[in-house]
Visitor: 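So that we are looking at the same thing, I have put the structure below in structure tokens.
Throughout, protein chains are lettered first and strands after them, A, B, ... in sequence-line order, and every chain is numbered starting at 1. Just so you know, these numbers use all the heavy atoms, side chains as well, and skip hydrogens, waters and symmetry mates.
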2 protein chains.
Amino acid sequence: MPDDVVGLDACATRVIDEPRVEAARAQLLPEDELNDLAQLFRLLGDATRARLLYALLEAGELCVCDLSAATGTPETNVSHALRLLRTAGIVKARRSGRMMFYSLDDAHVRMLLDISREHLRHAKGRHL
Amino acid sequence: MPDDVVGLDACATRVIDEPRVEAARAQLLPEDELNDLAQLFRLLGDATRARLLYALLEAGELCVCDLSAATGTPETNVSHALRLLRTAGIVKARRSGRMMFYSLDDAHVRMLLDISREHLRHAKGRHL
DNA sequence: CTGATATCTGATTATATGTTCAGATATCAA
DNA sequence: TTGATATCTGAACATATAATCAGATATCAG
């Protein structure tokens, strides 16, 4: 059989740069890590959640009703959104009486929010 | 009318920490910026696209068929994915003969990928 | 206890989007 | 030119998920 045909996990595709492909394959992230990473980004990739996160980035800590007021998001939506973010370890909650105060739970996420905002500013106008 | 009821864009929600809410509102990102940010994260938030991006992060530059081979993704999917990423300015393309070589187009995105991977490592095991 | 408030939850619906397939385009070799 | 190859495109389908609504839980005041 020809040696330029791959028979592993891919379909029979011709490979142009064999060593580079091998290197890339060797460093592929494990499936579960990749899914976790994708999930992290997906959670940041919704306007409603992003609004909440940037509000928390600025305000530090806010209760559900204040988050609702500050972002103009119905409280139910805020609650649903925060549950997803909390389960993923992106925000943390602190109870005080009948209120729950939320804040960002991770320095890396804070960095992601910052850098992405910066990216946007720099990327503006570069592409058609 | 009572002064603890908000009547601007939100529904009539009671506000707990008025000044903090005002501050958060004043610093809210404009809608279009927020949509762009959410779109950026959403594009990173898919396992197939993330696989391709991390492959490019490691390999530097790969053509479609090599990306397909390296990640085990059908070439059609690779092409669809790369179009979205290219339109958003996340990857750039270089033609060489009948092949197209793709690579990451933005230092910030590279940072996002790095930091998120780091986040994952550190966050592993912290939450239930 | 009862009532009021803040938040949460589950189910439904509507929308968005990743995947697949068939075929189109573009480049090169002969 | 013709044929082969690499990539792209559009449409149909299937799945995921955000928004909405009704009602549940939890905390506190009286």
Visitor: Counting just side-chain N and O atoms, does B:R83 come under 4.0 Å of either OP1 or OP2 of D:dG10?
Guide: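 For D:dG10, OP1/OP2 do have a side-chain N/O of B:R83 under 4.0 Å.
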
Visitor: CG of B:L82 versus P of C:dG18: gap in Å, rounded?
Guide: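 Nearest whole value for this atom pair: 13 Å.
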
Visitor: Return whichever of B:D46 or A:S79 has its heavy-atom-nearest nucleotide of DNA chain C closer to the 5' end.
Guide: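 Of the two residues, A:S79 wins.
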
Visitor: Between A:Y102 and C:dA6, is there a side-chain N or O to OP1/OP2 distance below 4.0 Å?
Guide: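 For C:dA6, OP1/OP2 do not have a side-chain N/O of A:Y102 under 4.0 Å.
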
Visitor: What residue among B:H119, B:E118, B:R117 forms side chain to side chain contact (heavy atoms under 4.5 Å, CB included) with B:R121?
Guide: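 Among the candidates, only B:R117 passes.
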
Visitor: Start at the 5' end of DNA chain D and walk down; is the nucleotide closest to A:N77 or to A:S96 reached first?
Guide: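 Its nearest nucleotide lies further toward 5', so the answer is A:N77.
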
Visitor: Within the side chain of A:R25, is there an N or O that forms a donor-acceptor pair under 3.5 Å with the backbone of B:A69?
Guide: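 Yes, because the side chain of A:R25 sits within donor-acceptor range (under 3.5 Å) of the backbone of B:A69.
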
Visitor: Nearest to the A:R49 side chain among D:dT7, D:dA18, C:dC21, which nucleotide is it?
Guide: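 So the nucleotide nearest the side chain must be D:dA18.
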
Visitor: Using the side-chain heavy atoms of A:M99, tell me which of these nucleotides is nearest: D:dT20, C:dC21, C:dT7.
Guide: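 Taking heavy atoms from C-beta onward, the closest nucleotide is C:dT7.
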
Visitor: Could you tell me how far apart B:D17 (CG) and C:dA6 (P) are, to the nearest whole angstrom?
Guide: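 Value for this atom pair: 14 Å.
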
Visitor: Between B:V91, B:L52, B:L62, which is the residue that forms a side chain to side chain contact (heavy atoms under 4.5 Å, CB included) with B:Y102?
Guide: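 Going through the options one by one, the only one that passes is B:V91.
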
Visitor: What I'd like to find out is whether the side chain of A:V15 reaches to under 4.5 Å of the side chain of B:C65, using heavy atoms alone.
Guide: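 A:V15 vs B:C65: side chains apart.
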
Visitor: With a cut-off of less than 4.0 Å, is there a side-chain N or O of B:T48 near OP1 or OP2 of C:dT19?
Guide: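 Yes, such a contact exists.
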
Visitor: Give a yes/no verdict on base stacking between D:dT9 and B:H80: centres under 5.5 Å, planes within less than 30° of parallel.
Guide: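 Stacked: centres under 5.5 Å apart, planes under 30°.
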
Visitor: Choose from C:dT20, D:dT7, C:dT7 the nucleotide whose nearest atom is closest to any side-chain atom of A:M100.
Guide: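 When the side chain of A:M100 is considered, C:dT7 is the closest of C:dT20, D:dT7, C:dT7.
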
Visitor: A:T73 and side chain to side chain donor-acceptor pair (under 3.5 Å): which partner among A:T71, A:N77, A:T76?
Guide: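 Of all the options given, the one that passes is A:T71.
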
Visitor: Find the distance A:L44:CG to D:dT17:P and express it as a whole number of Å.
Guide: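 Computing the A:L44:CG to D:dT17:P distance gives 14 Å.
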
Visitor: Rounded to whole Å, how long is the line connecting atom CZ of A:R14 with atom P of D:dT7?
Guide: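 After rounding, the reported distance stands at 13 Å.
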
Visitor: Rounded to whole Å, please give me the gap between CD1 in B:I16 and P in D:dC28.
Guide: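 Rounded to the whole Å, the gap is 14 Å.
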
Visitor: In whole angstrom, give the distance that lies between atom CG of B:L43 and atom C1' of C:dG18.
Guide: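 Nearest whole value for this atom pair: 12 Å.
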
Visitor: State whether the side chain of B:D66 and the backbone N or O of A:D17 hold a donor-acceptor pair below 3.5 Å, judged by distance alone.
Guide: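 Answer holds: yes.
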
Visitor: Between D:dC21, C:dT7, C:dT20, which nucleotide gets closest to the side-chain atoms of A:T76?
Guide: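 Nearest to the side chain of A:T76 among the choices is D:dC21.
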
Visitor: For the side chain of B:R98, counting heavy atoms from C-beta on, which of C:dT20, D:dT5, D:dC8 is nearest?
Guide: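 Between C:dT20, D:dT5, D:dC8, the one nearest the side chain of B:R98 would be D:dT5.
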
Visitor: Specify the residue among B:A93 and A:L84 whose closest nucleotide of DNA chain D lies further upstream toward the 5′ end.
Guide: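 Nearest-nucleotide comparison on DNA chain D picks B:A93.
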
Visitor: Return whichever of A:R95 or B:G97 has its heavy-atom-nearest nucleotide of DNA chain C closer to the 5' end.
Guide: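 The answer here is A:R95.
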
Visitor: Nearest whole angstrom, please: distance from the P of C:dA16 to the CZ of A:R42.
Guide: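 Rounding to the nearest Å, CZ of A:R42 and P of C:dA16 are 18 Å apart.
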
Visitor: Please report the distance, rounded to the nearest Å, between CG in A:L52 and P in C:dT7.
Guide: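 Taking atom P of C:dT7 as the reference, CG of A:L52 is at 13 Å.
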
